[in-house]
Amino acid sequence: MSATPRLPGLTLAEADQLVQAALDVGAERGFPPLAVAVVDVAGEVIVLRRADGGMPMTSRIAVAKARTALLALRSSGEIELPGGIVDGIQHLYGGDFVPWAGGVLITDGEVILGAAGASGAHALEDEEAVGTAVRQWQGRGPVT
């Protein structure tokens, strides 16, 4: 009997490590409680966690920011589109398009493995938390 194939990309353990690292960055830097999500290359959630005291809506926003980075092939905060176009894209993707900082790609060289998103603090702090976690994971070094 053959093993079940799996999509290329992150393992559950790697996704969990990224989420925990981002939550740790947020706590260490005094950010409000974050929700952090990691999605696979299909945009499906691998891990989603929300820090104690985090607003419930931040969970969905974190997932949407990760999916936005994946759809745009760039950090969600780098997307600059007129409001009407954003509205159309949000409609096409059922609201899972949030062109605000906080969603970053997870890559191995030039290969996209998935994306991470955070919500709960200021958008730039959200991106700082997940960006730091992803850079740590890519370099396999400590969070700085």
Side-chain angles (χ1 to χ4, degrees), residues 1-81 86-144:
M1 181 180 256
S2 63
T4 302
R6 77 173 188 90
L7 287 171
L10 301 165
T11 65
L12 175 60
E14 290 168 329
D16 197 47
Q17 178 186 10
L18 283 160
V19 168
Q20 188 58 53
L23 290 170
D24 290 346
V25 168
E28 290 166 5
R29 297 184 185 177
F31 299 165
L34 297 176
V36 180
V38 170
V39 299
D40 64 17
V41 294
E44 297 300 326
V45 175
I46 301 171
V47 176
L48 169 62
R49 294 179 60 202
R50 188 178 69 233
D52 292 342
M55 293 180 287
M57 70 179 169
T58 60
S59 297
R60 291 185 74 167
I61 295 169
V63 172
K65 286 181 178 183
R67 288 179 175 155
T68 298
L70 199 59
L71 291 168
L73 302 178
R74 67 184 63 199
S75 294
S76 59
E78 295 176 3
I79 300 168
E80 294 183 23
L81 296 170
V86 169
D87 291 346
I89 296 170
Q90 286 176 330
H91 177 73
L92 285 171
Y93 288 99
D96 270 351
F97 185 80
V98 179
W100 292 94
V104 300
L105 294 174
I106 303 166
T107 60
D108 183 6
E110 293 185 11
V111 176
I112 296 171
L113 304 175
S119 181
H122 184 280
L124 295 175
E125 294 171 334
D126 294 340
E127 187 145 337
E128 182 180 340
V130 290
T132 300
V134 168
R135 285 189 302 277
Q136 172 214 359
W137 182 82
Q138 288 169 328
R140 307 303 195 276
V143 174
T144 58

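All heavy atoms count here, side chains included; hydrogens, waters and symmetry mates do not. From a predicted model like this one, the values you see are computed outputs, not experimental measurements.
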Heavy-atom donor-acceptor pair, Thr68 side chain to Val98 backbone, under 3.5 Å: yes
What pairs with Asp96 under salt bridge (charged side-chain N to carboxylate O under 4.0 Å, His left out), at least two apart in sequence or on another chain?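 Partners of Asp96 under the salt bridge (charged side-chain N to carboxylate O under 4.0 Å, His left out) test: Arg67.
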How long is the straight-line distance from [atom2] of [Y] back to [atom1] of [X], given to the nearest 0.5 Å?
| X | Y | atom1 | atom2 | result |
| --- | --- | --- | --- | --- |
| Leu12 | Asp40 | CG | CG | 11.5 Å |
| Trp137 | Leu113 | CH2 | CG | 5.0 Å |
| Leu71 | Ile79 | CG | CD1 | 8.0 Å |

Would you be so kind as to tabulate the donor-acceptor pairs closer than 3.5 Å made by side chains of residues 42-55, with sequence neighbours excluded?
residue, atom, partner, partner atom, Å
Arg49, NH1, Gln20, OE1, 2.5
Arg49, NH2, Gln20, OE1, 3.2
Arg50, NE, Gly54, O, 3.3
Arg50, NH1, Ser59, OG, 3.2

Using the side-chain hydrogen bond (donor to acceptor under 3.5 Å, both in side chains) rule, collect all pairs that involve residues 70-79, keeping only residues at least two apart or in two chains.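 Pairs touching residues 70-79 that pass the test: none.
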Within residues 110-130 or reaching into it, pairs that qualify as salt bridge (charged side-chain N to carboxylate O under 4.0 Å, His left out) - sequence neighbours excluded: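 As it turns out, the salt bridge (charged side-chain N to carboxylate O under 4.0 Å, His left out) pairs with a partner in residues 110-130, which skip direct neighbours, are Arg29-Glu128, Lys65-Asp126.
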Which residues pass the side-chain contact (heavy atoms from CB on, under 4.5 Å) test with Ile112, not counting sequence neighbours?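 Residues passing side-chain contact (heavy atoms from CB on, under 4.5 Å) with Ile112: Leu70, Leu73, Leu105, Thr107.
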Ala116: what forms a side-chain contact (heavy atoms from CB on, under 4.5 Å) with it, not counting sequence neighbours?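 Counting only residues at least two positions away or on another chain, Ala116 forms a side-chain contact (heavy atoms from CB on, under 4.5 Å) with Val38, Val104, Ile106, Val130, Val134.
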What are the two closest non-hydrogen atoms of [X] and [Y], and how far apart are they?
| X | Y | result |
| --- | --- | --- |
| Ser119 | Ala62 | CB-N, 3.8 Å |
| Val25 | Ala129 | CG1-CA, 3.7 Å |
| Gly117 | Ala66 | N-CB, 3.5 Å |
| Thr58 | Gly120 | CG2-CA, 3.6 Å |

